[in-house]
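Being a predicted model, the structure only gives us computed values, none of them experimental.
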Amino acid sequence: MEAENNTIKAEILWVDDEIDLLEVQILFLKSKGYSVTKAYNGNDAVELTKNNNFDIIFLDENMPGISGLETLRRIKSIKSEIPVVMITKNEGEDIMDEAVGSKISDYLIKPVNPNQILLSIKKNVENRRLVNQKTSEEYQSEFNKLGNEITLISNFEGWTNIYKKLVEWELKLAEINSPTMAEIFGYQKNEAGNAFCKYITKNYEKWIAGNRENRPIMQHDVFKERILPLLDKGEKVFWIVIDNLRFDQWKALQPLIAQYFNIDSEEIICSILPTATQYARNAMFSGLTPLQIQRNFPHLWTDEDERHSKNECEEELVKSMLKRFNREIKFFYRKTFNNNDGQKINAFFPQINNNKLNIAVYNFVDTMSHARTELPMMRELADDESAYRAITKTWFKHSALFDLMRTLAQSDYKIVFATDHGTVKVSNPIKVTGEKNITNNPRYKQGRDLQFNKKDVFCPNPQNIQLPTLNISSQFIFATGKDFMAYPNKYNYYVKYFKDTFQHGGVSMEEMLIPLVILSPKKTTSQP
């Protein structure tokens, strides 16, 4: 038999005390372009593993001398990343459990035929290459279809559907790590982002000023539309808000959460403008627009020019909202800034377990995005979108919040998993000037005598989009897409400082199309 080509596809170590009886299988693999090294016992296999770089090891479970399981343990202690396929005559469950516990990649029952061996190699060695190839081909075939869909979108539901598809492809393409495919996808995502910004600038004013039937669900609708119906059904609700969480970050967390919860609903809602905590989260916890808060509860609203926290009255806003809806509900509210704060909530859980409503706010993701702007080390750690998601997932996996959610998985709460806005990686500077006291945020500005190119920004009438202003002549302007605003004086400084950082406050899919998820405990997974 001739090898299919001269390139060695993979280096294989096959360990079996009766290896000479497997010559047919070995010749078959060589004909397919694989290199096979033979070992007759576990000790030889361990030594060969130390001195060679094998792509996969086939290991007989029952050999004289050290057993297959002991050989497996020694191999894994040397090179844990090598996939090991156990071959056994014994179908006993205890043997398989022990082998799986020792991190085998696959197992086969004797007698094995050449095609079984070949399939195992493809699953464990060539799988990534095959997945990468298949993913690339699927996206290329989907590229034109997505492009056509983007040009035809005419409503918010259409945008949520296309954004979900884009995020799904972004996650898939990130796994294959192909610079070419990433560049192609980047062009298409930018095209979609530009079209989305035009859609928002055309429709936002009539949404925010109109009634609920004529707009997508926004922050000030969340309590009335999603939480109040659960409470009225007699459900206990634990409302978890992660500040500054994008939809793609939610999808990165979803596999961890899905171990413990059923996803009753997953939707994308629309953040209000500015996509900033002061406006979006106050709206969410009051059920009102920022202008309505300022007019009805001036003592609970903090203007841009005031130095103290812009969100220090959230608990009072929740109280006012419950009173407005004629609900006398005992509730707990706590905001956390670090893991220690989160552990305090967990320790306090027995005292709040009977509450009808509990609210916990977690600021890690927002803190991370600001730290990335200010600290060079954080820029390196979260260098791109994929790394940004990965850090979010790592934080969540080891956070007090995940501990709380595992506790909630054994409770009778419905969990409303939400955020106030997302964030976008900015790259294109635009110039803006104004009075000394205009806001510092690079994605939106409020102030008097703002000077800018009208083509570069979204500049609605503040009253029309339900925003309070510092004085009658103040304006709001919003950066769109990946733009950010920089002052002409020290222009190069501001460009260097903000370029390629994650910012929020403006108009983009990443900032405005945010997740709202309702979860129910599975109650079948025991505490680890």
Side-chain angles (χ1 to χ4, degrees), residues 138-174 184-222 224-226 245-252 254 263-275 280 283-284 385 417-425 443 458 460 464-466 478-483 504 506-518:
E138 286 179 348
Y139 176 67
Q140 289 177 57
S141 66
E142 187 81 358
F143 180 84
N144 289 334
K145 181 180 177 183
L146 281 171
N148 291 334
E149 288 182 19
I150 289 167
T151 61
L152 296 173
I153 299 173
S154 60
N155 55 39
F156 186 77
E157 183 181 3
W159 275 112
T160 63
N161 290 336
I162 204 71
Y163 188 54
K164 286 180 179 180
K165 289 180 181 179
L166 289 170
V167 167
E168 181 182 352
W169 278 114
E170 186 169 21
L171 296 176
K172 285 182 179 179
L173 293 171
I184 294 170
F185 176 79
Y187 286 137
Q188 185 158 69
K189 189 178 179 185
N190 284 340
E191 177 191 5
N194 292 335
F196 175 78
C197 291
K198 291 177 182 177
Y199 174 75
I200 290 296
T201 57
K202 181 180 177 181
N203 291 282
Y204 187 80
E205 286 192 34
K206 63 184 178 185
W207 285 351
I208 198 77
N211 56 37
R212 173 65 185 93
E213 289 72 26
N214 297 320
R215 68 164 182 261
I217 184 170
M218 303 176 87
Q219 267 99 353
H220 53 299
D221 303 312
V222 168
K224 181 180 179 181
E225 297 280 335
R226 295 295 180 264
L245 188 78
R246 305 192 318 192
F247 184 72
D248 63 319
Q249 291 171 304
W250 150 249
K251 298 306 285 186
Q254 184 178 334
I263 298 175
D264 296 346
S265 66
E266 176 195 83
E267 62 184 316
I268 289 177
I269 67 170
C270 185
S271 177
I272 67 167
L273 292 174
T275 47
M284 188 161 56
E385 309 281 0
F417 198 84
T419 188
D420 45 7
H421 56 80
T423 186
V424 65
K425 189 177 182 182
R443 291 287 289 169
F458 176 40
N464 291 350
I465 60 170
Q466 293 288 297
F478 302 93
T480 62
K482 295 187 175 183
D483 294 347
H504 56 84
V507 180
S508 69
M509 294 187 296
E510 293 89 341
E511 292 163 290
M512 298 189 74
L513 300 179
I514 55 175
L516 179 66
V517 185
I518 298 177

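In this structure the side chain of Tyr187 never reaches within 4.5 angstrom of the side chain of Glu191, judged on heavy atoms. Side-chain contact between Arg226 and Ile269 is absent, with no heavy atoms from C-beta onward closer than 4.5 Å. By the 4.5 Å heavy-atom criterion applied to side chains, Trp169 and Leu146 are counted as neighbours. The side-chain heavy atoms of Met218 and Ile208, taken from C-beta on, include a pair separated by under 4.5 Å. Phe185 has its side chain out of reach of Lys172: every pair of non-hydrogen atoms, C-beta onward, lies at least 4.5 Å apart. Two residues are said to be in side-chain contact when any heavy atoms from C-beta on lie closer than 4.5 Å; Glu267 and Ile217 meet this criterion. Using a 4.5 Å heavy-atom cutoff, the side chains of Phe156 and Asn203 are not in contact. Side-chain contact between Cys270 and Trp207: present, with at least one pair of heavy atoms (C-beta onward) separated by less than 4.5 Å.
One finds the OH atom of Tyr199 at 11.0 Å from the OG1 atom of Thr201 (value rounded to the nearest 0.5 Å). Between the CD atom of Glu149 and the CG atom of Leu166 there is a distance of 9.5 Å, given to the nearest 0.5 Å. Distance CZ/Phe458 to OH/Tyr204: 8.0 Å, rounded to 0.5 Å. Rounded to the nearest 0.5 angstrom, Phe196 CZ and Leu513 CG are separated by 4.0 Å. Atom CD1 of Ile184 is separated from atom NZ of Lys189 by 16.0 Å, given to the nearest 0.5 angstrom. Residue Met509 holds its CE atom at 8.0 Å from CG of Asn190, rounded to the nearest 0.5 Å.
Annotation for Thr480 and Cys197: closest pair CB-SG, 3.8 Å, computed over non-hydrogen atoms. Of all heavy-atom pairs spanning Pro515 and Thr419, the tightest one is CD-CG2, 3.8 Å.
Formation of a donor-acceptor pair under 3.5 Å by the Tyr163 side chain with backbone atoms of Ile514 is not found in this model. Judged by distance alone, the side chain of Glu510 and the main-chain N or O of Arg246 form no donor-acceptor pair under 3.5 Å. With Glu205 contributing its side chain and Asn464 its backbone, the two residues share no donor-acceptor pair below 3.5 Å. Side chain of Arg443 to main chain of Asp483: a donor-acceptor pair is present (N/O by atom type, distance under 3.5 Å, no hydrogens or angles). Proximity of a side-chain donor or acceptor of Asn161 to a complementary backbone N or O of Gly158 within less than 3.5 Å is not detected.
For the side chain to side chain contact (heavy atoms under 4.5 Å, CB included) criterion with Ser271, the lone passing option out of Met284, Glu511, Gln219 is Gln219.
A salt bridge is defined here as a Lys NZ or Arg NE, NH1 or NH2 lying under 4.0 Å from an Asp or Glu carboxylate O, and Glu168 with Lys164 fails to meet this definition.
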